[in-house]
Amino acid sequence: MKNSNATDRRTTYRHHCNSVCQVGLNAVLRDLSLGGAAVELPFCVPPGERILLRIYDNDPKLRSVSAEVLSTSGGRVHAYCMHVRFYKLQPDVEKALQRYLLALQANRVA
């Protein structure tokens, strides 16, 4: 059934959901530690949101790291800096993150 509202372009049923889904986008990883990271984005993410960070593609354990947004601040023009804390890291993911940070310090990351 079509809605009479001119702004409603739906032609099929739409179910309202409040569930998590993944949206891929490019962001800039500004800094990284064992506890969290600062990420630059073109939009604001509210504190308390849980996200997945793709930190390093060459290590499967660092392709999807759970994090919680602590704060977001307006930094540069059209960019926001999001500060996150890693959330429930598994021991193998934490070890992979340690290895990655050591490689970054030694300039051994491609």
Side-chain angles (χ1 to χ4, degrees):
M1 177 183 295
K2 202 164 188 169
N3 191 324
S4 61
N5 185 347
T7 60
D8 190 353
R9 298 178 304 275
R10 287 178 271 185
T11 58
T12 60
Y13 172 78
R14 181 180 300 179
H15 185 81
H16 292 279
C17 303
N18 263 342
S19 59
V20 176
C21 69
Q22 289 186 327
V23 177
L25 63 108
N26 290 332
V28 178
L29 187 62
R30 288 290 172 199
D31 66 42
L32 179 67
S33 72
L34 285 176
V39 181
E40 190 174 290
L41 295 164
F43 56 87
C44 183
V45 177
E49 289 291 319
R50 296 224 175 108
I51 61 168
L52 294 174
L53 287 179
R54 192 173 188 119
I55 294 174
Y56 185 54
D57 280 342
N58 289 348
D59 188 330
K61 290 180 177 48
L62 298 179
R63 288 185 190 152
S64 185
V65 179
S66 297
E68 181 178 9
V69 178
L70 298 176
S71 66
T72 303
S73 58
R76 302 179 340 177
V77 176
H78 306 297
Y80 295 88
C81 188
M82 174 178 66
H83 301 273
V84 301
R85 161 180 55 211
F86 295 130
Y87 181 76
K88 294 186 178 179
L89 286 183
Q90 297 297 318
D92 58 336
V93 175
E94 190 171 347
K95 286 179 185 174
L97 188 55
Q98 287 174 336
R99 283 192 307 272
Y100 182 62
L101 283 165
L102 288 171
L104 286 172
Q105 289 172 352
N107 291 321
R108 292 186 308 218
V109 177

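Along the sequence shown, residues carry numbers from 1.
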How many angstroms lie between OH in Tyr56 and CG in Leu97, if you round to the nearest 0.5 Å?
-> 13.0 Å
Please report the closest heavy-atom contact between Leu29 and Ile55, naming both atoms and the distance.
-> CD2-CG2, 4.2 Å
Just how far is it from atom OH of Tyr87 to atom CZ of Arg50, taken to the nearest 0.5 Å?
-> 3.0 Å
If you measure from CZ on Arg30 to SG on Cys81, what distance do you get to the nearest 0.5 Å?
-> 7.5 Å
Salt bridge (charged side-chain N to carboxylate O under 4.0 Å, His left out) partners of Arg63, counting only residues at least two apart = none
Compare every heavy atom of Leu53 with every heavy atom of Ile51, then report the nearest pair and how far apart it is.
-> CD1-CD2, 3.8 Å
Asp31 side chain vs Ala38 backbone, donor-acceptor pair below 3.5 Å = yes
Out of curiosity, Gln90 CD to Lys95 NZ, how far, rounded to the nearest 0.5 Å?
-> 12.0 Å
Going from CD on Gln98 to CD on Glu94, what distance comes out if it is rounded to the nearest 0.5 angstrom?
-> 5.5 Å
Side-chain contact, heavy-atom cut-off 4.5 Å: Phe86 with Leu32?
-> yes
Spacing of Arg85 atom CZ and Ser33 atom OG [to the nearest 0.5 Å] | 12.0 Å
Taking C-beta and beyond as the side chain, do Asp59 and Tyr100 meet within less than 4.5 Å on heavy atoms?
-> no
Any side-chain heavy atom of Ser66 sitting closer than 4.5 Å to one from Leu52?
-> yes
On a heavy-atom basis, the closest approach of Leu62 and Ala96 is CD1-O, 3.7 Å
How far apart are the C-alpha atoms of His83 and Ser71, what are their side-chain angles, what is the distance that settles it, and do they pass the side chain to side chain contact (heavy atoms under 4.5 Å, CB included) test?
-> CA-CA 5 Å; His83 301 273; Ser71 66; 3.4 Å; yes
Do the side chains of Val28 and Leu104 join up, straight or via other hydrophobic residues, at under 4.5 Å, putting them in one cluster?
-> no
Kindly write out the residues that satisfy side chain to side chain contact (heavy atoms under 4.5 Å, CB included) with Val45, not counting sequence neighbours, or none if the list is empty.
-> Leu41, Phe43, Glu49, Val69, Thr72, Met82
